[in-house]
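Ligands are counted one by one from 1 in listed order, and the atoms in each one are counted from 1 as well.
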Amino acid sequence: MNPASRTELSQRPQWTALADHRAALGEVSLRQLFADDPRRGERYTLQVGDLHIDYSKQLVTDETLTLLRELAEATGVAGLRDAMYRGERINTTENRAVLHTALRAPRGAVIEDGGPGGPNVVPEVHEVLDRMAGFAEKVRSGEWTGATGRPLRTIVNIGIGGSDLGPAMAYEVLRSFSDRDLTVRFVSNVDGADLYESVRDLDPAETLFIVASKTFTTIETVTNAEAARRWLLDGLGAGPEAVARHFVALSTNAEKVAEFGIDPANMFEFWDWVGGRYSYDSAIGLSLMVAIGPERFREMLDGFHLVDEHFRTAPPEANVPLLLGLLGIWYGNFHGAQSHVVLPYSHYLSRFAAYLQQLDMESNGKRVQRDGVPVAWQTGPVVWGTPGTNGQHAYYQLLHQGTKLIPADFIGFARPVDALPPGLAGQHDLLMANFFAQTQALAFGRTAEEVRAEGVPEELVPHRTFPGDRPTTTILADELTPSVLGQLVALYEHKVFVQGAVWGIDSFDQWGVELGKVLAKEVEPLLTAKEGERSTDSLDSSTAALVARYRELRGR
Ligand SMILES: O=P(O)(O)OC[C@H]1O[C@](O)(CO)[C@@H](O)[C@@H]1O
């Protein structure tokens, strides 16, 4: 975009129209909106693939939605979306294409890195998927053995950020589809306790390490991978030749992988046009593929693709990622909401919010626009959440009666997963009764009159009153399958895209994580140096005193 021709977002007529509309709506009441339109509960719904979306409990009217779509049109969301799908380098600060949609494109598709005329990336994607499938089947069948000839039973994925959160979340979601005597563990933290606790009950002869790192320079991952190699070789009493049977790498950096000592034949590649937080459907998902099998993995990719196509082609009124993105803008920019909570009513989705934190906050936690000019509007929210029923007994109090407006996504399923025995599957109705009851309570609350009518003593009436008008979106599917997981993740990926496009920021870089990395490198030698060898004079007085205290406690 040419900065000279850019109109500031907050000065656009579409923006000010929304601000005026917000003021005119005032304290709009969901009770009133539902009373005014008896069909609201059916009208304000959309379907994408297996996902039924109910946004009727949002603080919006038809006019709100029209104005939000006008804002999307004025800010060029559709144009940027099309440029992304075409393979143009929309990650401008890194001069890279953003092609996670190519990771789940069908075999025959043509998607060119850099835009029309660039190399078609789809054949490479399928070549790697096929290699992954071949390897996964060998591990699953026991044909791939460790250095002592025994099959591998535990897979330890070593990675961090996108090289951990995606596969860890997805393994948790789909673990009931894991059909072999195999388990997967995930090590991310550079705290040695993470690796220690993950491997101490394992037999090295039956352990496969997957070292997942896009760059293969991430200090946490390289440090843990080196420690894992020592643990393996010590445990086996073997030489470095054993590494080839127990280590594979997932990376874009073949040189660094070879330097580490992993045979490039055991490396599964991906590309710089895949962002780390958008990568678990690439080679980064190998641990998941080994656990659930290539066929299920492909079903998941098809689920992603279905939503990719929907986002690309559905008209604005029916476009679910567009709607969800715009609703977030409505609350963040026009109601002052600071956070967004994601509440799955599924134990299997227990790590979903943690995954979304990176997806959303690393993408849209930005304070300057694409051309470097600071934004004068709020950007990405704080994203958080845990499984809903647990949250009900922890922080829902604040959602219902606190002073903050926190829009929520409720995610639930009509049926429990097939693996549950009938006795436990029977609990599903109770789970979902809680789900529906909570969205109802949040939306409509309980008035003082209703509380009084229940015979509550007058002094308790204010405490037992629920204001309501706490907005929620319900995402309901039949069952949590690999395809449905792909659909859900793609939905959130594109929602994040929409918001970044409206805010005018680069959602695909992550410069904000760099400074801490640089400073850690400078501080580490100060912690370990011999007395008098290093000076802390260049540090601020707080950090210098903390370093001194740390050294003292460590007897250095
Ligand atoms: O896969 P890598 O290169 O080890 O990076 C891990 C993570 O680190 C980050 O770069 C942030 O530091 C994330 O974006 C990324 O997912």
Side-chain angles (χ1 to χ4, degrees), residues 90-100 103 128 132 156-171 186-191 194-195 209-229 247-260 262 267-288 351-366 380 383 489 492-493 496-497 500 505-524:
I90 64 161
N91 175 1
T92 44
T93 70
E94 296 181 314
N95 190 28
R96 287 177 181 168
V98 175
L99 278 178
H100 43 277
L103 298 171
V128 174
M132 287 165 64
V156 180
N157 185 89
I158 300 179
I160 198 163
S163 300
D164 166 71
L165 289 163
M169 174 278 290
Y171 174 66
F186 293 86
V187 173
S188 53
N189 199 328
V190 76
D191 181 343
D194 195 358
L195 182 65
F209 289 100
I210 296 184
V211 186
S213 176
K214 180 175 170 180
T215 55
F216 229 79
T217 56
T218 305
I219 190 79
E220 292 88 341
T221 300
V222 174
T223 306
N224 276 327
E226 279 164 356
R229 184 172 52 190
F247 272 81
V248 299
L250 320 174
S251 189
T252 59
N253 192 341
E255 206 179 307
K256 288 279 172 200
V257 168
E259 231 171 74
F260 179 86
I262 296 178
M267 166 175 152
F268 299 89
E269 196 189 4
F270 61 114
W271 306 273
D272 70 0
W273 43 259
V274 186
R277 53 195 176 271
Y278 297 85
S279 70
Y280 96 81
D281 46 340
S282 70
I284 290 293
L286 183 65
S287 54
L288 175 68
R351 302 220 47 202
F352 195 57
Y355 169 76
L356 292 181
Q357 281 181 326
Q358 188 199 14
L359 175 66
D360 200 321
M361 293 164 79
E362 199 166 77
S363 296
N364 285 343
K366 308 285 165 66
V383 176
V489 173
Y492 279 96
E493 285 176 350
V496 166
F497 175 92
I505 57 181
D506 185 338
S507 299
F508 300 100
D509 60 13
Q510 57 285 315
W511 299 107
V513 299
E514 294 306 321
L515 179 60
K517 291 185 194 174
V518 172
L519 296 184
K521 269 197 195 137
E522 286 171 22
V523 171
E524 197 200 357

Going by the salt bridge (Lys or Arg N to Asp or Glu O under 4.0 Å) test, which pairs reach into residues 276-288, not counting sequence neighbours?
->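 Those involving residues 276-288 are Arg104-Asp281, Arg277-Glu362.
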Please list all pairs passing the salt bridge (Lys or Arg N to Asp or Glu O under 4.0 Å) test where one or both residues lie in residues 507-516, with sequence neighbours left out.
->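 Those involving residues 507-516 are Lys366-Asp509, Glu514-Lys517.
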Could you label the plane-to-plane angle of the Tyr355 and Tyr280 rings as parallel, tilted or perpendicular, counting under 30° as parallel and over 60° as perpendicular?
->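 Rings of Tyr355 and Tyr280: perpendicular, as their planes differ by over 60°.
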Contacts of type side-chain contact (heavy atoms from CB on, under 4.5 Å), residue Thr218, not counting sequence neighbours |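 Testing Thr218 for side-chain contact (heavy atoms from CB on, under 4.5 Å), a comparison that skips the adjacent residues, returns Ile160, Ser213, Thr215, Glu220, Thr221.
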Is there a side-chain contact between Leu250 and Ile210, using heavy atoms and a 4.5 Å cut-off?
->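 Counting from C-beta outward, Leu250 and Ile210 do come under 4.5 Å.
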Within 6.0 angstrom of Glu226 CD, more than 12 heavy atoms from elsewhere |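 More than 12 within 6.0 Å, yes.
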Using a 4.0 angstrom limit on heavy atoms, which residues are close to ligand 1?
->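 Shell around ligand 1 (4.0 Å, heavy atoms): Ile160, Gly161, Gly162, Ser163, Ser213, Lys214, Thr215, Thr218, Gly276, Gln358, Glu362, Gln510, Val513, Lys517.
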